[in-house]
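Here's the structure we're looking at; comments come further down.
Throughout, protein chains are lettered first and strands after them, A, B, ... in sequence-line order, and every chain is numbered starting at 1.
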Amino acid sequence: MPSPGRPERGRLAAESKDALASLRAQRLPLGWYARETEAVARALLGCALVHGDRAGVIVETEAYLGPEDLASHARFGSTARNAVMFGAAGTTYVYLCYGVHEMFNIVARDRREAGAVLVRAVAPLVGLPDDARVGRGPGKLTRALALSRAQHGRLLDGDGLFVAAHERVRPRDVVRSPRIGVDYAGAWAARPLRFIIAGHPAVSGQR
DNA sequence: GCGGGGATTAACT
DNA sequence: GTTAATCCCCGCG
């Protein structure tokens, strides 16, 4: 008999499978990302980020607007690393930060160039320990969801890696603030391009 | 090639 | 509050 704290393995797997199937049915089409970058960053809150058999609810994002945005990697124009930012909306942009952490971004823009949204935190949803800390922060979320540069440049239209509509977030629960860790960007550092679900335990910068 | 620095995190003092 | 870890990008010459 399985102990109360440790559900039987087959039952857990079946629940996860159902949850992932439901998410797949709610997958956002690529056209959804072809809008103003800020709007996408806001709308991603409450959506599920799914990779393989794991998923998290997005609770924190940042918008990087394009070459004119001095906090964005696009500020140097198109380079070997960031070229995908100048490509199709709905493409992943994954890079290594401080030689240690993988950062997961989604290209999101209308006609303007090179907009992208950094996903900074997720709450556990499927296949993750029920602990808000595992996805709290951009480097930790990629580890929790097993995302790395191996996923760089992929379109979010497959079954293995995608974003799905999940929870509706009320406007009054969304808070904007300056982006984290971009003090080098002059006036751009002060712009309120970070979006969080207010008070959510998985938002970074707590305890 | 070289040198400076980074969209972070955990472990210190 | 400070710092190490640790890789590779980018600008410049």
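- Across all strands, A:F76 comes closer than 4.0 Å only to sugar-phosphate atoms, never to a base (heavy-atom distances).
- One N or O on the side chain of A:R179 and one on the backbone of A:A63 form a donor-acceptor pair closer than 3.5 Å.
- To the nearest angstrom, P of C:dC10 lies 11 Å from CE of A:M85.
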Go through A:E60 and A:R194 one step at a time and tell me if the salt bridge (charged side-chain N to carboxylate O under 4.0 Å, His left out) criterion holds. CA-CA 7 Å; A:E60 176 177 358; A:R194 173 176 178 245; 2.8 Å; yes
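- Using a 4.0 Å heavy-atom cutoff across all strands shown, A:L96 reaches sugar-phosphate atoms only and no base atom.
- Atom CE of A:M103 sits about 4.0 Å away from atom SG of A:C97, to the nearest 0.5 Å.
- Between A:R112 and A:D69 there is no salt bridge, since no side-chain nitrogen of the basic residue lies less than 4.0 Å from a carboxylate oxygen of the acidic one.
- Scanning residues 180-190 of chain A for heavy-atom distances under 4.0 Å to DNA chain B yields A:I180, A:G181, A:V182, A:Y184.
- The CD atom of A:Q151 lies 8.0 Å from the CZ atom of A:F104; values are rounded to the nearest 0.5 Å.
- The residue A:R179 sits apart from the nucleic acid: no heavy atom pair falls under 4.0 Å.
- A straight line from CD of A:E102 to P of C:dC9 spans 12 Å, rounded to a whole angstrom.
- A salt bridge links A:E38 with A:R176; the closest basic N to acidic carboxylate O contact falls under 4.0 Å.
- Chain A approaches DNA chain B within less than 4.0 angstrom (heavy atoms of the protein), and the contacting nucleotides run 5' to 3' from B:dG6 to B:dA10.
- B:dA7 and C:dG1 have their C1' atoms separated by 22 Å, with the value rounded to a whole Å.
- For A:D159, the side chain to side chain contact (heavy atoms under 4.5 Å, CB included) criterion is met by A:R24, A:R27, not counting sequence neighbours.
- Close to C:dC7, at under 4.0 Å from its OP1 or OP2, lies no side-chain N or O of A:R149.
- Rounded to whole Å, the separation between the P atoms of C:dT6 and B:dC2 comes to 22 Å.
- Electrostatic pairing of A:E62 and A:R120 counts as a salt bridge here, judged by a charged N lying under 4.0 Å from a carboxylate O.
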